[in-house]
Amino acid sequence: MCVFLGFCGHRLFVEHARWASPAGSFDLRRENGEIILWLGRLNIIYTPARWGPPSRAA
């Protein structure tokens, strides 16, 4: 099950990942300006309004 919310440019993605291990795992990290949180099978990704994909060097 997935939920995607957008408000004033901010974006929030919430997923209940049935394939993930439910064994009390916790992970909080920041990747390319996004905040990613894993709580067991719950995955939450917050994207700020000013975020854009990283540019690629030619």
Side-chain angles (χ1 to χ4, degrees):
M1 180 179 106
C2 299
V3 176
F4 181 79
L5 303 169
F7 48 96
C8 298
H10 301 270
R11 294 176 295 277
L12 185 68
F13 175 78
V14 180
E15 173 187 26
H16 179 259
R18 293 182 183 189
W19 51 267
S21 172
S25 60
F26 173 80
D27 186 26
L28 177 63
R29 61 186 165 189
R30 186 176 190 126
E31 290 187 11
N32 299 322
E34 293 181 304
I35 298 172
I36 301 171
L37 172 65
W38 274 99
L39 293 170
R41 290 185 172 180
L42 184 65
N43 179 20
I44 301 170
I45 302 172
Y46 169 74
T47 306
R50 67 186 181 286
W51 183 87
S55 61
R56 298 169 110 189

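- Applying the ring-ring contact (aromatic ring centres under 6.0 Å, His included) rule to F13 yields no partners; only residues at least two apart in sequence or on another chain are considered.
- The side-chain heavy atoms of V3 and L12, taken from C-beta on, include no pair separated by under 4.5 Å.
- Atoms CG and CG, from D27 and L37 in turn, are 8.0 Å apart once rounded to the nearest 0.5 Å.
- Contacts of F7 classified as ring-ring contact (aromatic ring centres under 6.0 Å, His included), with partners at least two apart in sequence or in another chain: H10.
- Interatomic distance, E15 CD to I44 CD1, rounded to the nearest 0.5 Å: 11.0 Å.
- Residue pairs satisfying the salt bridge (charged side-chain N to carboxylate O under 4.0 Å, His left out) criterion with at least one member in residues 30-44, sequence neighbours excluded, are listed as follows: R29-E31.
- Remark: L39 CG to F26 CZ distance equals 6.0 Å, nearest 0.5 Å.
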